[in-house]
2 protein chains.
Amino acid sequence: MDNYMPILNKVKLFEGLNDKDIISVLNCFDVKIRRFKSGEYVYRISDSVSSIGILLSGGIYVQKEDYWGNLNILAEIRPADLFAEVFACLNNNKITYDVLSYKDSVVMFFDVGRVISMCTSSCPFHALVIQNLLMVLAEKNKKLTQKLSCISQRNIRQKLLYYLASYAENSKREFFEIPFNRQQLADYLSVDRSAMCRELGCMKKEGILDYKKNRFVLYKN
Amino acid sequence: MDNYMPILNKVKLFEGLNDKDIISVLNCFDVKIRRFKSGEYVYRISDSVSSIGILLSGGIYVQKEDYWGNLNILAEIRPADLFAEVFACLNNNKITYDVLSYKDSVVMFFDVGRVISMCTSSCPFHALVIQNLLMVLAEKNKKLTQKLSCISQRNIRQKLLYYLASYAENSKREFFEIPFNRQQLADYLSVDRSAMCRELGCMKKEGILDYKKNRFVLYKN
DNA sequence: CACCTTTCGTTGCAAATACAACATATATTA
DNA sequence: TAATATATGTTGTATTTGCAACGAAAGGTG
């Protein structure tokens, strides 16, 4: 286990715990470790899931075939990332996608029921792990809500303004920088890159905003 | 408090608890009750939030002014609904919108820190409340993810197919029913109703699907 | 039934967008 | 520095979409 310490330190579920604490938590919660060959499925759609997956090494795709049989990759899981945590927290815990190990992987399974129910446990880090779990879910929630608000805007201009305004609001200076390049931004907003560039150009002409690369200014009037 | 029992029974945080259990939980967690006049703010944007709000009576809007000063109502909270639970679960707990009591309201505040930290408490319902809280967050998460996948589709046809397929997959019969009327569906997909109706008409002509009112059939070939 | 209201479907048209193809600018590497 | 790769910007065109307006169908009510 010790050789996974650098990864375990990055796991959000263990934030605030030092190496010794983490070891103690792992023992206390009786985690399982499993190895998966490249191409092996960790979960198949509609499997019941009661433990959070933590990827220690390798690589995993969260994917799903649509109604007509086309494969879609929904997320790529990297070492230290959690997966299936949403279903592990639900009563109806049937997972709604496939989880595929696309490299040889090592996965740690963390039982949620055990985390919740062991209130009388003597493990002093219990509360912190629960809090971390709540934070992971809440943070994801916040991000999803933000993105949804953004994408729900009815045209490219509104989407851009909504997105940029969220940075403008938090910026102390007149300008601010965004973490996406143009293609990534277009993907995030679910629009075509060139159409988005055109709209940016128009808005610059109209004096609504200014930009150079990732640095933007948003004018109020 | 007894007169609020019918409401408290509907609160998801207390699911699985009977009346007596709920009373005991309320005592154990030392909830606060506050009344708000119509027009009074429960939270202002960037307030620090450490407790979950539960609306017992009245009505609340979750709202926000955008960068240019236009007001947007993001959600309407009704009795038995939770609010601000996401921020209460975060470390950076500054709320990102205003919470306005638009009627005379009675609100119960439920401290999250207390829920998490009181592992040694003798309250036997502790674990259940935590589990319920996790479930509330996880369920919201799942719904947001579904909606986001749907809206991220690049045109109305794809959005419709994605939405309908999720029902088709779970349906035992050849047909299935959706819970929205046309306007609600259009709002959910973030598109214009008439444009959506047109697309539905086209797809029916092309033999991709069939429908009458809320009852749909989705053909595979 | 007659009347009203709401929902659903249709269509013309203007506007917005995706797509494709290419030009320019910036960054990376030899 | 030159060569190459990557990112950004531009534009023409076909398609898609929003909007507005209206008629048909369905549902509710006296």
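These values consider heavy atoms only, across backbone and side chains, with no hydrogens, waters or symmetry-generated copies. Lettering follows sequence order; numbering is per chain, from 1.
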Q. Roughly how many Å is it from CG in Asn214(A) to P in dA27(C), rounded to a whole number?
A. 10 Å

Q.
Taking Arg35(A) first and then Glu40(A), would you say they form a salt bridge - that is, a charged N and a carboxylate O separated by under 4.0 Å?
A. no

Q.
Can you tell whether the side chains of Glu199(A) and Lys159(A) come within less than 4.0 Å, N to carboxylate O?
A. no

Q. What heavy-atom pair brings Ala138(B) and Asn141(B) nearest, and what distance separates the two atoms?
A. O-CB, 3.1 Å

Q) Taking the six-membered ring for Trp, is the centroid-to-centroid distance between Phe180(A) and Tyr188(A) below 6.0 Å? A) yes

Q. Rounded to whole angstroms, how far apart are CD on Gln158(B) and P on dA18(C)?
A. 13 Å

(Q) Which nucleotide wins on minimum distance to the side chain of Lys213(A), given the candidates dG9(D), dA27(C), dG18(D)? (A) dA27(C)

Q | Residue whose nearest DNA chain C nucleotide is more 5′ - Lys212(A) or Met196(A) | A | Met196(A)

Q.
Nearest whole Å is fine: how far is dA15(C) P from Ile156(A) CD1?
A. 17 Å

Q: Count the heavy atoms of every other residue, nucleotide or ligand shown that sit under 6.0 Å from NZ of Lys12(B), and state whether that count exceeds 12.
A: no

Q. Can you find a pair of side-chain heavy atoms, one from Ile22(B) and one from Met5(B), that are under 4.5 Å apart?
A. yes

**Q.** Nearest-angstrom distance from the residue atom CZ of Arg154(A) to P of dT17(C)
**A.** 12 Å

Q. What is the distance from CG of Asp210(A) to P of dG9(D), rounded to the nearest Å?
A. 11 Å

**Q.** Donor/acceptor link under 3.5 angstrom from Ser194(A) side chain onto base of dA20(C)
**A.** yes

Q) In terms of heavy-atom contacts, does CZ of Arg154(A) have more than 12 from other residues, nucleotides or ligands at under 6.0 Å? A) yes

Q.
I need the CG-C1' distance between Asn155(B) and dA14(D), as an integer number of Å.
A. 14 Å

(Q) Distance check needed: dA26(D) P versus Arg215(B) CZ, whole Å only. (A) 15 Å

Q. Between residues 180-193 of chain A and DNA chain C, which residues have a heavy-atom gap below 4.0 Å?
A. Val191(A), Asp192(A)

Q. Between dT26(C), dG18(D), dT17(C), which nucleotide gets closest to the side-chain atoms of Ala195(B)?
A. dG18(D)

Q) Could Glu206(B) and Arg157(B) be called an ion pair, given the rule that one side-chain N must be under 4.0 Å from one carboxylate O? A) yes

Q | Pair Glu177(B), Tyr167(B): side-chain N/O donor-acceptor within cut-off below 3.5 Å | A | no

Q) For DNA chain C, which residues in residues 197-206 of chain B have a heavy atom at a distance below 4.0 Å? A) Cys197(B), Arg198(B)

